[in-house]
Amino acid sequence: MKKFVIAIEEMIVGTFEVEADSSKEAIETAREKYRIGKFVLEPGDLVSKQMAVIESNEEPEWFEF
């Protein structure tokens, strides 16, 4: 029997309210809150997931599951 390396990637989404004077300022605030752990996506809403077999000499072929 062979061993395979399988990669699984998930995309989760969470929404957060930010008070700011502009969208640029809101993004900067959100980035900082994410960086320091105030905005956390767990568990979040799963919006997509994909999987691939990882082989050293080939580009992985991702597929949704």
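One hydrophobic cluster holds both Ile8 and Phe63 under the rule that ILVMFWY side chains link at heavy-atom gaps under 4.5 Å. Under the 4.5 Å side-chain heavy-atom criterion for ILVMFWY residues, no single connected hydrophobic cluster contains both Phe16 and Val13. Cluster membership check: Phe65 does not share its hydrophobic cluster with Ile12, using side-chain heavy-atom separations under 4.5 Å among Ile, Leu, Val, Met, Phe, Trp and Tyr.
The two residues Ile6 and Met51 have their closest heavy-atom pair at CG2-CG, 3.5 Å. Between Glu61 and Ala52, the shortest heavy-atom distance links the atoms O-CB, 3.6 Å. Between Gly14 and Leu41, the closest heavy-atom pair is N-CD2, 3.5 Å. The shortest heavy-atom contact between Ala30 and Val18 is CB-CG2, 4.4 Å.
Considering NZ of Lys49 and CH2 of Trp62, their distance stands at 14.0 Å, rounded to 0.5 Å.
One finds a salt bridge joining Arg35 and Glu32 here, because a Lys/Arg side-chain nitrogen approaches an Asp/Glu carboxylate oxygen to under 4.0 Å.
The local environment of OH in Tyr34 is sparse, with at most 12 non-hydrogen atoms from other residues, nucleotides or ligands closer than 6.0 Å.
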